[in-house]
Amino acid sequence: MLEKVNSCTVTSVKLDDEGEFHYFFSALGACVEGFKCMRKVITVDATHLKNGYGGVLVFASAQDPNRHNYPLAFAVLDGEKNDSWIWFFEKLKTVIPDSSELVFMGDRNPSLLTAIAIVYPIAHHGYCIWHLSQNVKGRAFSVNKDVVAWRFIECSRHYTIAEHEKAYSDFVSRYPSAAKYLVETTKNMKHTSARCYFPGDRYKIDTSNCVESLNSTFRSARQYYLIPMLDAIIANISEWFNDHRKEAAAVPVEHKLVPFVENFLHDTWPEAKKLKVKELNWFERIYDVIAKTDGGEARFFDIQKYPCVHALAAFIEFNTNNEDRDRDIQLHELCSRYYWVETWQLAYYRTVYLVPNECQWNIPEYVK
């Protein structure tokens with residue numbers, strides 16, 4: 001019935017050898033279609049059910065450009081095991097195919113890592129740096145453990161390799177036992193946590209906070225039996241779609257960028273105007289921005305896909321002294337299309353319908 005009221009929705013139920021319920025999976029058609037307009041970063045996590053039957057509730061979620069959760073799929077599994085995770089990702093792959101553009105974020109659960117590597121071998125995978133920081137700080141001794149966690153997160157978020165290596169060297173000298181654990185647990189693969197080494201486009205998404213918040217939202221629903229819990233999840237997703245659809249539609253027509261990016265650029269503009277800019281190449285629009293900074297945001301523009309203060313200063317210079325040139329550059333043209341309001345609106349254009357009361361069901365013959 002869920003598939004009938006929500007077109008292109010995919011659901012699947014697996015029974016065990018005795019014909020008893022084993023797994024459930026659902027990906028709403030509206031969410032899957034809207035994901036085409038989203039940054040291709042998917043956060044995955046599982047949380048335990050409290051309904052007396054055990055098992056876990058799994059969410060795969062994206063984040064819309066205005067930093068709202070965007071659930072893609074959810075499932076009920078018997079636990080975080082190799083077989084159950086592989087089954088989940090195989091179902092997810094039927095609606096979201098493997099791609100080098102795709103990035104998965106999650107904790108370091110061994111079964112989760114194994115399943116992603118098997119089912120999505122082309123996609124990239126990064127560790128949630130918050131989870132990793134909590135493990136790292138536990139291996140530091142005779143120091144403030146919260147400071148250790150904060151130092152690790154700060155180190156992971158540098159935009160350039162030079163800045164990261166400088167901070168990492170300091171981290172190793174200050175907290176050798178924590179650094180040793182980090183090397184051992186990540187096999188010294190810095191790309192799994194360090195922003196500057198990550199091979200794919202994960203933008204600023206480096207934790208699994210978005211899916212963790214979903215787990216918190218459905219804390220009460222996790223005590224329900226299967227059908228009431230699914231109804232609660234779908235009702236919330238439907239409400240979120242409606243709220244964000246109205247929010248996106250309310251953006252003034254003269255604003256081309258989502259509020260989060262629009263506000264960032266607005267706040268950065270005064271500082272950008274103060275920077276000295278020198279034109280280096282008129283044809284290729286290359287500028288040298290002179291600023292008293294350490295260069296720590298040198299790759300901000302490359303990673304975030306919207307202008308940093310230096311790129312904004314170059315933009316201001318170009319449009320201020322744009323004599324005898326073909327046209328001005330519009331600010332939104334310097335940002336990824338994922339941050340354009342029109343793209344954001346497309347992500348929510350479809351309606352998520354609730355499953356009607358059982359008395360209104362028209363069950364197809366093949367189901368009967």
Side-chain angles (χ1 to χ4, degrees), residues 1-33 35 42-62 71-99 102 104 106-107 109-123 125 208 211 214-215 218 221-237 352-356 358 361-368:
M1 189 53 61
L2 180 60
E3 292 180 358
K4 188 171 183 179
V5 297
N6 290 284
S7 62
C8 300
T9 291
V10 173
T11 60
S12 182
V13 176
K14 181 178 180 180
L15 305 180
D16 62 20
D17 294 337
E18 298 178 357
E20 300 292 332
F21 174 83
H22 200 40
Y23 302 146
F24 171 84
F25 172 90
S26 179
L28 295 174
C31 300
V32 173
E33 187 167 346
F35 184 61
I42 301 177
T43 305
V44 182
D45 194 29
T47 185
H48 291 284
L49 295 173
K50 306 294 183 181
N51 56 15
Y53 288 97
V56 294
L57 174 64
V58 174
F59 279 105
S61 178
L72 296 172
F74 51 93
V76 174
L77 307 176
D78 62 346
E80 295 192 73
K81 308 171 185 177
N82 284 1
D83 290 345
S84 54
W85 272 124
I86 290 173
W87 184 87
F88 170 78
F89 281 110
E90 285 177 342
K91 297 304 176 183
L92 184 65
K93 194 174 183 179
T94 63
V95 292
I96 301 176
D98 195 8
S99 167
L102 201 59
F104 284 99
D107 59 26
N109 178 279
S111 295
L112 173 62
L113 300 181
T114 298
I116 293 175
I118 292 174
V119 183
Y120 283 93
I122 303 176
H125 181 226
S208 57
V211 78
L214 289 176
N215 293 338
F218 295 110
R222 284 188 277 132
Q223 302 176 37
Y224 303 162
Y225 294 134
L226 181 63
I227 300 302
M229 181 179 69
L230 298 181
D231 286 340
I233 292 172
I234 295 165
N236 273 271
I237 294 176
V352 175
Y353 293 95
L354 307 183
V355 176
E358 189 174 352
W361 290 7
N362 183 14
I363 303 175
E365 287 297 325
Y366 73 88
V367 176
K368 294 179 182 178

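Note that the structure is predicted; figures quoted are calculated from it, not measured. Heavy atoms only: backbone and side chains are in, while hydrogens, waters and symmetry mates are out. Sequential numbering from 1 along the given sequence is applied to the chain's residues.
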- Does the ring centre of Phe89 sit less than 6.0 Å away from the ring centre of Phe104? yes
- Task: Check Ser61 against Pro71 and note the closest heavy-atom contact, atom names and distance.
- Result: OG-N, 3.8 Å
- Under the 3.5 angstrom rule, does the side chain of Thr9 hit a backbone N or O of Gly29 as a donor-acceptor pair? yes
- Query: Closest heavy-atom contact between Glu80 and Ser111?
  - Reply: O-OG, 3.5 Å
- Do Ser26 and Leu230 pass the side chain to side chain contact (heavy atoms under 4.5 Å, CB included) test, and can you show the C-alpha distance, the side-chain angles, and the key distance before you say yes or no? CA-CA 9 Å; Ser26 179; Leu230 298 181; over 6 Å; no
- Kindly say whether Ser12 contributes a backbone atom to a donor-acceptor pair with the side chain of Lys91 at under 3.5 angstrom? no
- I would like to know whether Val44 and Trp85 meet side chain to side chain contact (heavy atoms under 4.5 Å, CB included); could you show each step before the answer? CA-CA 11 Å; Val44 182; Trp85 272 124; 3.6 Å; yes
- Rounded to the nearest 0.5 Å, how far apart are CG of Leu72 and CG of Leu92? 7.5 Å
- Item | Closest heavy-atom pair and its distance - Val352, Ala30 | CG2-CB, 3.8 Å
- Message: Test: side chain to side chain donor-acceptor pair (under 3.5 Å). Region: residues 13-23. Which pairs qualify, not counting sequence neighbours?
- Response: none
- Message: Can you classify the ring geometry of Phe218 versus Phe59 as parallel (below 30°), tilted (30 to 60°) or perpendicular (above 60°)?
- Response: parallel
- Task: Check whether any side-chain heavy atom of Phe21 lies under 4.5 Å from a side-chain heavy atom of Val76, and answer yes or no.
- Result: yes
- If you measure from OG1 on Thr11 to NZ on Lys4, what distance do you get to the nearest 0.5 Å? 13.5 Å
- Check the surroundings of atom CG in Asp98: do more than 12 heavy atoms from other residues, nucleotides or ligands lie under 6.0 Å from it? yes
- Compare every heavy atom of Val58 with every heavy atom of Ala46, then report the nearest pair and how far apart it is. CB-CG2, 3.8 Å
- Item | Leu28 side, atom CG; Ile234 side, atom CD1 - distance, nearest 0.5 Å | 6.0 Å
- Query: Residues in side-chain hydrogen bond (donor to acceptor under 3.5 Å, both in side chains) with Asp231, at least two apart?
  - Reply: none
- Item | Tyr53 atom OH: more than 12 heavy-atom contacts under 6.0 Å | no
- Closest contact, heavy atoms only, Asn51 versus Gly54: OD1-N, 3.7 Å
- Going from CD1 on Ile116 to CD1 on Ile86, what distance comes out if it is rounded to the nearest 0.5 angstrom? 11.5 Å
- Query: When you look at Cys31 and Ile237, which way does the side chain to side chain contact (heavy atoms under 4.5 Å, CB included) test go after all the steps?
  - Reply: CA-CA 9 Å; Cys31 300; Ile237 294 176; 4.0 Å; yes
- Message: Holding to salt bridge (Lys or Arg N to Asp or Glu O under 4.0 Å), I want the full list of residues that pass it with Glu33, two or more places apart in sequence or in another chain.
- Response: Arg350
- Message: To check you understand the geometry: which heavy-atom pair defines the closest contact between Ala27 and Val32, and what is its length?
- Response: CB-CG2, 3.9 Å
- Task: Indicate yes or no: at least one non-hydrogen side-chain atom of Asp78 is less than 4.5 angstrom from one of Trp87.
- Result: no
- Item | Contact check, side chains of Asn109 and Asp45, non-hydrogen atoms, under 4.5 Å | no
- Task: Enter the distance from Phe24:CZ to Leu226:CG here, rounded to the nearest 0.5 Å.
- Result: 6.5 Å
- List the steps, then state whether side chain to side chain contact (heavy atoms under 4.5 Å, CB included) holds for Val56 with His48. CA-CA 4 Å; Val56 294; His48 291 284; 3.7 Å; yes
- Query: Would you say the side chain of Arg222 lies within less than 4.5 Å of the side chain of Thr47, judging by non-hydrogen atoms?
  - Reply: yes
- From Ser99 atom OG to Tyr120 atom OH, the distance as rounded to the nearest 0.5 Å: 10.0 Å
- Task: For the pair Tyr353 (side chain) and Ser7 (backbone), establish whether a donor and an acceptor sit closer than 3.5 Å, ignoring hydrogens and angles.
- Result: no
